[in-house]
Amino acid sequence: MDYMYPSMALAYGFFAVSVLLTLFFFIRSFKDGYWGRDAEDVKYQVFQDDAVYGDLNHSAAKGPRHE
């Protein structure tokens, strides 16, 4: 039996799954608004929260402070 056909089928199958997943996530991100005019609004919201609340979100994970 020639081993070329199973390996080619596996390679083309992998390429097809990769292309389909890429298209799926591209279309999904486009629908969710990541490619629009207001795509970076989330980034500015995160920076604004850090400016308002400071480091309160991260201090609980570090444990008590010993000064």
Side-chain angles (χ1 to χ4, degrees):
M1 181 175 162
D2 192 7
Y3 290 108
M4 184 181 81
Y5 294 114
S7 63
M8 292 299 293
L10 183 65
Y12 282 124
F14 177 75
F15 295 150
V17 168
S18 298
V19 168
L20 290 175
L21 284 173
T22 301
L23 290 174
F24 171 75
F25 285 115
F26 176 75
I27 292 169
R28 185 169 176 177
S29 67
F30 189 75
K31 284 183 179 179
D32 288 341
Y34 291 107
W35 293 92
R37 181 178 52 177
D38 302 326
E40 294 190 6
D41 286 348
V42 175
K43 176 177 75 173
Y44 296 121
Q45 180 67 36
V46 170
F47 289 152
Q48 184 180 7
D49 288 346
D50 284 344
V52 171
Y53 298 114
D55 198 22
L56 293 176
N57 296 331
H58 302 289
S59 62
K62 294 178 184 176
R65 298 178 100 180
H66 300 289
E67 295 181 14

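Computed from a prediction, not measured in an experiment: that's the story for all the values here. Scope of the values below: all heavy atoms of this structure, side chains included, with no hydrogens, waters or symmetry mates.
- Residues Val19 make up the rest of the hydrophobic cluster containing Leu23, defined by ILVMFWY side-chain heavy atoms closer than 4.5 Å, directly or through other members.
- In the hydrophobic clustering, Leu10 connects to no other residue, as no ILVMFWY side-chain heavy atoms lie under 4.5 Å from its own.
- Residues satisfying the ring pair (Phe, Tyr, Trp, His ring centres under 6.0 Å) criterion with Phe26, sequence neighbours excluded, are Trp35.
- When the side chains of ILVMFWY residues are joined at heavy-atom separations under 4.5 Å, either directly or via intervening members, Phe15 and Tyr5 end up in a single hydrophobic cluster.
- Residue Phe14 is not grouped with residue Tyr3 when hydrophobic side chains (ILVMFWY) are merged at heavy-atom distances under 4.5 angstrom, including chains of intermediate members.
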